[in-house]
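The first residue in the sequence is number 1, and the count goes up from there.
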Amino acid sequence: MFEDLYEFIKNYNLDDTNIIIHDSDELKDKLLKILKKRIYDAKQAYIVLVDNNLTSDAILIAGHILETAATILYVNDSDTKYHAQKYIAKSSIMRLYSLFKNVPFAESLKASIEDTISSLRTYGSYIIKDNLTVKQSDKNTLNAFILNILSNIHVPYKAKTKVIGYFYELPTVSDNVRYFCKRMELKYKTKSLEEIKQPLSLVSAFYDHYCTIKHANIECCCYEELEADKLKPINFSPKQSIPIVAYCLDMIQNI
């Protein structure tokens, strides 16, 4: 099974990295070109890591592929739900939040702050929290009001971070992964399978394991006893990530 899936990954056809983004491209197309370029690069790296049995890094790249594929699916479904606009807005508001949390960076990157706020004037209304207002026209007005506060040099950075946290939805990558799982369920029609056999269970378990390794939690430092007075780290098999990468590539195959 693993051998067949790995062959599928190695032979999976992806566009070359020489992408060109035109001003005339739709927003969604621009984003998809960038994200698919990341998938292309990650797939090449993943194959090198698996072939050289560099297991932890293979799992990290597989997790990166999962998060990027999940984002591709989310952005691609933008025709009626404004996903592309929300993706841009959440990325922009997170950048502002990070800058305002780090005053020295904010002071040295004022031009970048102005550019980011300019982007949010176009897309920020899509991520105003729903509990604050319902109508999109009201969100547009509220967004313009908030951005005037965020661009005001007399408002302290600490106050601006509180404003962002109160009014806007900050990005959470795991939200995209959950969205990816729902789409998997529709595509593979596996809801009737017992839970242990469902692809969704596999993705969920892998994602938890990926996050454990990424954040260097104690579990990734586990060891096994070699001899009475010797220990060695447990060598996680890269095979556990192969089905995940195969699922990801299959899910975005026609995008």
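Within the 4.5 Å cutoff, no side-chain heavy atoms of Arg38 are placed close to those of Glu67. Put simply, the side chain of Tyr82 does not reach to within 4.5 Å of the side chain of Gln136, judged on heavy atoms.
Here the side chain of Asn52 pairs a donor or acceptor atom with the backbone of Val48 at under 3.5 angstrom. A donor-acceptor pair is defined here as one N or O able to donate and one able to accept, closer than 3.5 Å; no such pair exists between the side chain of Ser119 and the backbone of Asp115. A donor-acceptor pair under 3.5 Å is formed between the side chain of Lys187 and the backbone N or O of Asp250. Lys214 places no side-chain N or O within 3.5 Å of a backbone atom of His64 that could act as its donor or acceptor partner. A donor-acceptor pair under 3.5 Å links the side-chain atoms of Ser98 to the main chain of Met94, judged by distance alone. Looking at Thr68, its side chain never comes within 3.5 Å of a backbone N or O of Ile65 through a donor-acceptor pair.
Every residue meeting the ring pair (Phe, Tyr, Trp, His ring centres under 6.0 Å) condition with Tyr207, not counting sequence neighbours, appears here in chain and number order: Tyr210. Considering only residues two or more places apart in sequence or on other chains, Asn176 meets the side-chain contact (heavy atoms from CB on, under 4.5 Å) condition with Ala70, Thr71, Tyr74. Scored by the side-chain contact (heavy atoms from CB on, under 4.5 Å) test, Lys43 finds Ile9, Tyr12, Leu14, Ile47, Leu249 as partners (sequence neighbours excluded). Tyr97 meets the ring pair (Phe, Tyr, Trp, His ring centres under 6.0 Å) test with no other residue; sequence neighbours excluded.
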Task: From CA spacing to verdict: side-chain contact (heavy atoms from CB on, under 4.5 Å), Lys182, Leu186 - done: CA-CA 7 Å; Lys182 289 179 181 177; Leu186 291 173; 5.9 Å; no
Task: Candidate pair Leu120 and Leu96, rule side-chain contact (heavy atoms from CB on, under 4.5 Å), full reasoning - done: CA-CA 10 Å; Leu120 285 164; Leu96 269 190; 3.5 Å; yes
TODO: Show your working on side-chain contact (heavy atoms from CB on, under 4.5 Å) between Ile127 and Lys86 and close with a plain yes or no.
DONE: CA-CA 6 Å; Ile127 58 169; Lys86 287 183 177 181; 4.3 Å; yes
- [ ] Given side-chain contact (heavy atoms from CB on, under 4.5 Å), test Asp57 with Ile61 step by step and report yes or no.
- [x] CA-CA 6 Å; Asp57 288 307; Ile61 292 296; 5.5 Å; no
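Atom-to-atom distance recorded for Thr161:OG1 and Phe100:CZ is 9.0 Å, nearest 0.5 angstrom. Interatomic distance, CD1 of Ile113 versus CZ of Arg95, reported as 8.5 Å (0.5 Å rounding). We find the CG-OH distance between Leu54 and Tyr46 to be 12.0 Å, quoted to the nearest 0.5 Å. Here CG of Leu27 is found 9.0 Å from CG of Leu32. Values are rounded to the nearest 0.5 Å. Of the inter-residue distances, the one linking Tyr6 atom OH with Asp51 atom CG reads 3.5 Å to the nearest 0.5 angstrom. The CD1 atom of Ile59 sits 6.0 Å away from the OG atom of Ser241 when rounded to the nearest 0.5 Å.
In terms of heavy-atom proximity, Ala62 sits nearest to Val245 at CB-CG2, 3.6 Å. In terms of heavy atoms, Leu73 sits closest to Met251 at CD1-CE, 3.6 Å. The nearest pair of heavy atoms linking Thr116 to Ser92 is CG2-O, 3.2 Å. For the residue pair Lys30 and Ile21, the shortest heavy atom distance occurs at CG-CG2, 3.5 Å. When all heavy atoms are compared, the tightest approach of Ala246 to Leu5 is CB-CD2, 3.9 Å.
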Which pairs of donor and acceptor atoms, one on a side chain in residues 146-157, lie under 3.5 Å apart (sequence neighbours left out)?
residue : atom : partner : partner atom : Å
Asn148  : ND2  : Ala144  : O            : 3.3
Ser151  : OG   : Leu147  : O            : 2.9
Ser151  : OG   : Asn148  : O            : 3.2
Asn152  : OD1  : His154  : N            : 2.8
Tyr157  : OH   : Glu107  : OE2          : 2.8

What pairs of donor and acceptor atoms, side-chain ones from residues 162-175 against any protein atom, are under 3.5 angstrom apart with sequence neighbours left out?
residue : atom : partner : partner atom : Å
Tyr168  : OH   : Asn143  : OD1          : 2.8
Asp175  : OD1  : Arg178  : NH2          : 2.2

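Look at Asp41 and Lys37 and you find a salt bridge, because one of the NZ, NE, NH1 or NH2 atoms lies within 4.0 Å of a carboxylate O, short of that distance. At a threshold of 4.0 Å, the pair Asp130-Lys139 counts as salt-bridged, since one of the basic side-chain nitrogens sits closer than that to a carboxylate oxygen. Between Lys10 and Glu7 there is a salt bridge, since a side-chain N of the basic residue sits under 4.0 Å from a carboxylate O of the acidic one.
The environment of CG in Asp23 is sparse: at most 12 heavy-atom neighbours from other residues, nucleotides or ligands sit within 6.0 Å.
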